[in-house]
2 protein chains.
Amino acid sequence: MKELKGELPPLKSLRGFEAAARLGSVSMAADELSLTHPAISHQIKMLEEHLGYPLFERAGRHIQLNAEGKFYYGYIRKALETLLEGQEALTKRWEERPFRVQAYITLSIKWLAGRLNRFRNLAPHIDLHLNTSGIDWEFDEDNADIAIIYSDKKIPDGYGWTSLFESKIFPVCSPKLANENSLSAVDLNNLPLLIVNSESDFWNWDQWFHSAGVAHHEGKGNLSVDTLAVALEMACAGEGIALVNGPVADGDLASGRLVRPINHMCKGKGEWGLIYQENMMDDLRVKLFLDWVCEEAGNL
Amino acid sequence: MKELKGELPPLKSLRGFEAAARLGSVSMAADELSLTHPAISHQIKMLEEHLGYPLFERAGRHIQLNAEGKFYYGYIRKALETLLEGQEALTKRWEERPFRVQAYITLSIKWLAGRLNRFRNLAPHIDLHLNTSGIDWEFDEDNADIAIIYSDKKIPDGYGWTSLFESKIFPVCSPKLANENSLSAVDLNNLPLLIVNSESDFWNWDQWFHSAGVAHHEGKGNLSVDTLAVALEMACAGEGIALVNGPVADGDLASGRLVRPINHMCKGKGEWGLIYQENMMDDLRVKLFLDWVCEEAGNL
DNA sequence: ACAATAAGTAAAAATAATTTACCAATAAGC
DNA sequence: GCTTATTGGTAAATTATTTTTACTTATTGT
């Protein structure tokens, strides 16, 4: 796109010119724009001086556009209308822009997926984009407006945090596997564990065994997967024991697809919550989503 | 036309936004507009604050329009282009606007009409409008840019005056009438005089007779007309004697259609000249016309 | 002729824009 | 890997612009 060539008129004077031209009166224009009449008079003078010739006929105590003024008015009016139109269209576009929610894939499948229809009923005008593919464990503020994450770090300045679930770490497996085997923590070492290939899962298993007073020695027949969602599905299928942190197994426990073979539970270092940039609190959609998630989490 | 509704953006910031958006750089925009980069930075900030959301993505030390910014840019660009386009069209229109010349009907017929083609050759781009129908004896500044008039008044402030012809008052008639009659001023009282129904013509006859040392007594067979041009035509036809002031009979005297029955001539109170508003001297067309008329009048 | 209304003008006041001087972040060069 | 140059952002100070106040002129209506 090329550079604009030509000297633009004094832009501030355009409003005054438009109003005075339309109303045929300096005083009325001043009233409309909440200014005094000399201000309008001066604005018109500036514009006429910029152009080099008059736009109004001063007949007695009234002013009226002359032929050139009438001709010019059309352009000014169009330009100002374009500005307002653009602003309006932009605002509409802004209000309809996607609302980007970031959540881990497992939480999305096991907790969000079954609930999101309720949010969409609540706020059908919001164009929600759920982003689960983020490689990042942390809040990706460039690609999300809000995120549900598990964090054990201090929330940096400029970010808001709303707690959702406390960290509850416990093993789950299929009812069949639980019934066929004994129920002490030590015995888990002899069953196939479904290990998720992440630092936090390694830490969680260690922590759980440690808090149960049992040494965690790498058992045989363990399976490593890269997503908890997969591990849970395998647990349902009786392939082994998965360790969950938070609400991701709640649905399967309620339906009986999974059970807790041992009641022991420990806490992780962090907690589940919603994270967002503080200035996003002005955004109505953030407020709505935040309240809704809290309600769903039973955390009012 | 209805009032513009909606709050316009800070108009001064539009130029800065346009340049920065187009160039993708605050500094380059500042260079283009001969400002410093904080000025552009501030303009952009004003615009973003007015809208309530950002238009640029700040990635490191570079800026780039975001999706909304790109969308908005189209409108801003269009509005600014409309302003420039209007200005250009207006200037063109202004330069091509009619050049309005006021002249008495008789001078127009007897002096201007035969010469004007030369001016049109000289300045073919000028859209000359000759106005002779003005009832006014004086300069009608609302309807003319320049006028050729006879004036015996002081030229008011704010007006320019250029002398053309001195006042020369003398009688004319057809050669036939002149040859058939005696040639003394007294005798004119006995011939049919063609009196133009205007104060100045009454005064001219009186003045002429008085300066010739003859009493002017209302003769018989006089004819009153309302335009000197008609009186001159009647004089050509031998109907009587007309009195002229200035160059209006020069053409007919040269061609022999009219003669001066008596050589006596007197002066009126004023002179012929060009009158115009002083600020019109900036107008090239006024200068051109003025010079041309002076040349035609042999008054260089 | 007089008051009332509208617009123009000039100086003062108020407001807005720009610059200067600084900082922070990034990219490039050694 | 450290330094340097470039780019953008910020805040206070300066400068420029806009607006107002107070007054004048001109016209309209009574």
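Values below: all heavy atoms of this structure, side chains included; hydrogens, waters and symmetry mates excluded. Here is the naming used below: chain letters follow the sequence lines, and residue numbers restart at 1 for every chain.
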Distance in angstrom units between [X] [atom1] and [N] [atom2], rounded:
| X | N | atom1 | atom2 | result |
| --- | --- | --- | --- | --- |
| A:Leu23 | C:dA6 | CG | C1' | 14 Å |
| A:Met28 | C:dT5 | CE | C1' | 13 Å |
| B:Asp31 | D:dT7 | CG | C1' | 12 Å |
| A:Glu57 | C:dA6 | CD | C1' | 17 Å |
| B:Arg15 | C:dA17 | CZ | P | 15 Å |
| B:Lys45 | D:dT10 | NZ | C1' | 7 Å |
| A:Ile63 | C:dG8 | CD1 | P | 6 Å |
| B:Leu14 | C:dA17 | CG | C1' | 15 Å |

Problem - Option from A:Leu14, A:Leu35, A:Val26 for which side-chain contact (heavy atoms from CB on, under 4.5 Å) with A:Gln43 holds - result: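 Between A:Gln43 and the candidates, side-chain contact (heavy atoms from CB on, under 4.5 Å) is satisfied uniquely by A:Leu35.
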
Handout entry: Pi-cation contact, A:Trp203 with A:Lys269 (under 6.0 Å, within 45°)
Key = yes

Practice task
From the options A:Asn204, A:Asn245, A:Asp152, select the one residue that forms a side-chain hydrogen bond (donor to acceptor under 3.5 Å, both in side chains) with A:Ser167.
Solution key: A:Asn245

Would you tell me if any nitrogen or oxygen in the side chain of [X] comes within less than 4.0 Å of OP1 or OP2 on [N]?
| X | N | result |
| --- | --- | --- |
| B:Ser41 | D:dG9 | yes |
| A:Ser27 | C:dT5 | no |
| B:Ser25 | D:dT7 | no |

Problem - Full working for ring pair (Phe, Tyr, Trp, His ring centres under 6.0 Å) between B:Tyr72 and A:Trp94 - result: CA-CA 11 Å; B:Tyr72 194 43; A:Trp94 177 254; over 10 Å; no

Handout entry: Mutual orientation of the aromatic rings belonging to B:Phe119 and B:Phe99 [parallel < 30°, tilted 30-60°, perpendicular > 60°]
Key =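 Aromatic pair B:Phe119/B:Phe99 classed tilted.
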
Practice task
Sugar-phosphate means primed atoms, P, OP1 and OP2; the rest is base. With that split, encode nucleotides 18-30 of chain D 5' to 3' as B, S or - using protein heavy atoms under 4.0 Å.
Solution key: SBBBB----BS--

Exercise for the section: Could you walk me through whether A:Tyr276 and A:Phe289 pass the ring pair (Phe, Tyr, Trp, His ring centres under 6.0 Å) test, one step at a time? Expected result: CA-CA 11 Å; A:Tyr276 41 86; A:Phe289 188 76; over 10 Å; no

Practice task
Would you tell me whether B:Tyr73 and B:Glu18 have side-chain atoms, one donor and one acceptor, within less than 3.5 Å of each other?
Solution key: yes

